[in-house]
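Inspection log for the structure reproduced underneath, given as structure tokens.
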Amino acid sequence: MLNEKEKKKYEIIEKVINGLITKKEAMVELNLTRQQIYRLVIKYHADGEIGFSHKNKNKTPVNKKDENLIKELEKLYLEKCYDFNFEHFYEKKILGNYDISYDVMLKRFTEDDIISPLAHKKTVKLYKEKMNEVIKKDKSDIKEEKVELFKSRIIEAEKAHPRRSSNLYLFGQEVQMDACNKMWFGGIPSFLHLAVDIATKKVLFGWFEYEEITRGYFVVLFNLIINYGIPAKIKADNRSTFSANNARDKEKKVFMTQFGKVCERLNVVLYTTSISTEKANVERENKTFKDRLIAELRYENIIDIDEANKYLNEVFIPEMNKKFFYAIDEENSLMRENTYTEEELKLIISERKEKIIDNASCISDNHNYYIPINLETGEVTNFQKGTKCTLIIDYDGEYIGEIENRYYKMLKLENRDSVMKKESEVKTKEKEHHKYVPPKNHPWRQNMMLKH
């Protein structure tokens with residue numbers, strides 16, 4: 001059987017042979033040269049109608065992919081990797097495991113009505129119209145997995161931000177911090193704390209907490225310094241972790257917070273802003289992580305926060321940095337070398353509170369009482385009432401007291417007396433109340449004497 005193009009050639013050459021049209025008219029009609037017309041005439045006389053059929057018709061192309069392979073990949077995507085975008089799916093599951101190119105996979109997926117979660121609005125709109133028409137005609141021809149995929153793709157797709165290197169900054173010159181609230185794993189809302197270098201676009205560290213708290217940023221800062229060094233500047237939002245909005249001294253309000261005091265001790269500039277575009281790098285990473293990390297954590301069946309933190313920093317962030325970040329210029333880096341030991345750094349990156357020792361030689365914090373213990377002897381140490389004590393809650397959550405330039409372990413008391421009993425304590429006697437007797441020369445007494 002000839003297709004339309006082949007059938008047209010055959011009919012025009014037949015007219016030429018029968019003298020109905022000239023060869024010149026056939027050249028114009030078929031847009032061919034005179035020599036090509038001569039060859040078609042020869043082919044007509046030699047083979048007849050079958051000579052106009054393409055020789056490779058009904059032959060399987062050498063590079064054609066097996067349909068079973070395509071079906072296997074579609075099944076894998078629809079059942080297990082439906083929330084991966086196509087490029088992510090290809091890199092993670094296909095590259096190196098299957099003999100198929102990304103373009104072929106993309107073409108076959110599109111032909112079979114499977115689109116990416118990052119598809120553009122125009123693609124989603126056309127896909128929606130097509131699927132609605134097919135569903136109205138006969139829904140039984142559509143797999144249930146495709147129907148579920150269709151429902152999930154209706155939502156508007158967000159366009160990705162372009163990533164560009166910056167020649168205006170050096171490594172460590174500015175690190176941006178932020179936290180993103182999402183159901184990252186286990187169906188429970190949690191916050192992903194991130195630190196991103198603005199020069200290299202490199203994610204320096206990430207940490208999950210169930211709330212956006214100072215502790216999460218302490219963990220990020222500690223690991224950032226251990227792995228890379230001390231940055232020159234940190235940029236964050238105006239949360240109470242970074243900025244004390246009720247501070248009297250507006251110029252130093254960022255140093256009123258616990259995180260601000262840590263930056264002051266490390267000689268790091270802390271800058272806060274309420275404009276999200278001023279820290280666009282970390283905001284862009286939040287978007288990328290939402291597109292990829294949620295899908296991977298679900299695929300790996302990770303529902304525990306400790307497992308999520310381990311996977312985040314040991315697997316996901318290294319892969320993201322390998323793919324997206326730019327090389328570090330060590331010669332022009334502004335990331336200062338860390339000269340602190342881990343124990344010293346844990347004391348520096350800590351929460352500090354000024355306390356006063358009471359008459360039981362204790363301090364109170366959050367309705368709990370703590371008593372100082374000598375680190376060398378392990379014995380309770382008593383101090384005079386009114387002695388100043390700096391309560392330090394270090395990186396590991398240990399309670400340490402700095403009293404008179406020495407460190408003590410603060411032991412939590414289950415219960416205690418309100419006043420420490422002393423052997424020399426003596427009860428005060430009650431004061432005697434004397435009856436007032438007016439003097440003899442008092443006017444009242446004089447009047448009384450005159451009457452008698």
Side-chain angles (χ1 to χ4, degrees), residues 1-78 85-87 89-90 94-95 98-147 149-150 153-154 157:
M1 295 292 295
L2 303 180
N3 59 32
E4 293 295 327
K5 187 176 180 180
E6 294 169 343
K7 189 174 181 180
K8 181 179 179 182
K9 282 184 181 181
Y10 173 77
E11 291 176 351
I12 291 177
I13 296 300
E14 188 178 33
K15 290 180 180 179
V16 171
I17 293 174
N18 294 330
L20 299 177
I21 59 174
T22 64
K23 291 184 177 66
K24 191 171 184 179
E25 290 175 334
M27 290 167 54
V28 175
E29 192 73 27
L30 297 176
N31 194 23
L32 298 176
T33 64
R34 182 179 293 273
Q35 185 63 36
Q36 288 173 322
I37 296 297
Y38 286 150
R39 289 173 182 167
L40 291 177
V41 170
I42 295 172
K43 185 180 291 187
Y44 180 89
H45 289 298
D47 301 323
E49 184 179 354
I50 195 172
F52 288 81
S53 178
H54 198 282
K55 297 297 183 292
N56 289 331
K57 187 177 289 187
N58 299 325
K59 291 184 180 180
T60 304
V62 177
N63 60 349
K64 183 180 180 181
K65 297 302 175 184
D66 187 5
E67 284 297 321
N68 293 329
L69 173 62
I70 301 298
K71 291 179 180 178
E72 181 182 351
L73 295 180
E74 289 183 354
K75 183 178 179 181
L76 175 63
Y77 184 81
L78 291 171
N85 64 61
F86 286 164
E87 186 176 357
F89 173 68
Y90 184 80
I94 297 180
L95 188 61
Y98 297 91
D99 182 22
I100 187 172
S101 67
Y102 174 77
D103 291 336
V104 173
M105 183 207 75
L106 177 63
K107 180 181 178 181
R108 292 305 306 270
F109 275 27
T110 306
E111 290 176 352
D112 293 339
D113 299 323
I114 300 175
I115 63 172
S116 169
L118 298 183
H120 287 228
K121 293 180 181 179
K122 183 178 180 180
T123 305
V124 175
K125 184 179 179 181
L126 295 174
Y127 174 65
K128 181 179 178 180
E129 293 174 355
K130 181 178 179 180
M131 290 297 291
N132 284 334
E133 291 179 2
V134 175
I135 290 174
K136 287 179 181 178
K137 291 180 180 178
D138 188 2
K139 188 176 179 180
S140 61
D141 292 342
I142 307 176
K143 292 183 179 180
E144 185 178 350
E145 293 88 352
K146 286 189 178 182
V147 175
L149 184 70
F150 162 66
R153 297 296 190 260
I154 297 304

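Heavy atoms only: backbone and side chains are in, while hydrogens, waters and symmetry mates are out. In what follows, residues are counted from 1 in the order of the sequence shown. Because the structure is a prediction, the values reported are computed rather than measured.
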Exercise. So which pairs with a foot in residues 25-52 pass ring-ring contact (aromatic ring centres under 6.0 Å, His included), sequence neighbours left out?
Worked result: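 Qualifying pairs: Tyr10-Tyr44, Tyr10-Phe52.
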Straight-line distance of [X] [atom1] to [Y] [atom2], nearest 0.5 Å:
X	Y	atom1	atom2	answer
Phe89	Tyr102	CZ	OH	11.0 Å
Glu4	Lys7	CD	NZ	6.5 Å
Gln35	Ile37	CD	CD1	10.5 Å
Lys43	Glu49	NZ	CD	13.0 Å
Lys107	Ile70	NZ	CD1	10.5 Å
Ile94	Ser101	CD1	OG	10.0 Å

Exercise. Taking the side chain as C-beta and beyond, is there a heavy-atom pair between Glu67 and Arg108 under 4.5 Å?
Worked result: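 Of all side-chain heavy-atom pairs linking Arg108 with Glu67, at least one is under 4.5 Å.
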Output side-chain donor-acceptor pairs under 3.5 Å for residues 11-32, partner residues at least two apart or in another chain, one line each.
from	atom 1	to	atom 2	distance (Å)
Asn18	ND2	Glu14	O	3.1
Thr22	OG1	Glu25	N	3.2
Glu25	OE1	Thr22	N	3.0

Considering all heavy atoms, the nearest [X]-[Y] contact:
X	Y	value
Phe86	Ile114	CZ-O, 3.4 Å
Tyr90	Ile100	OH-O, 2.9 Å
Asn85	Ser116	CB-OG, 3.5 Å
Thr110	Leu106	OG1-O, 2.7 Å

Exercise. Is the backbone of Ile50 close enough, under 3.5 Å, to the side chain of Asp47 for a donor and an acceptor to pair up by distance?
Worked result: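 Not at all, since once roles are kept as given, no pair shorter than 3.5 Å links the two residues.
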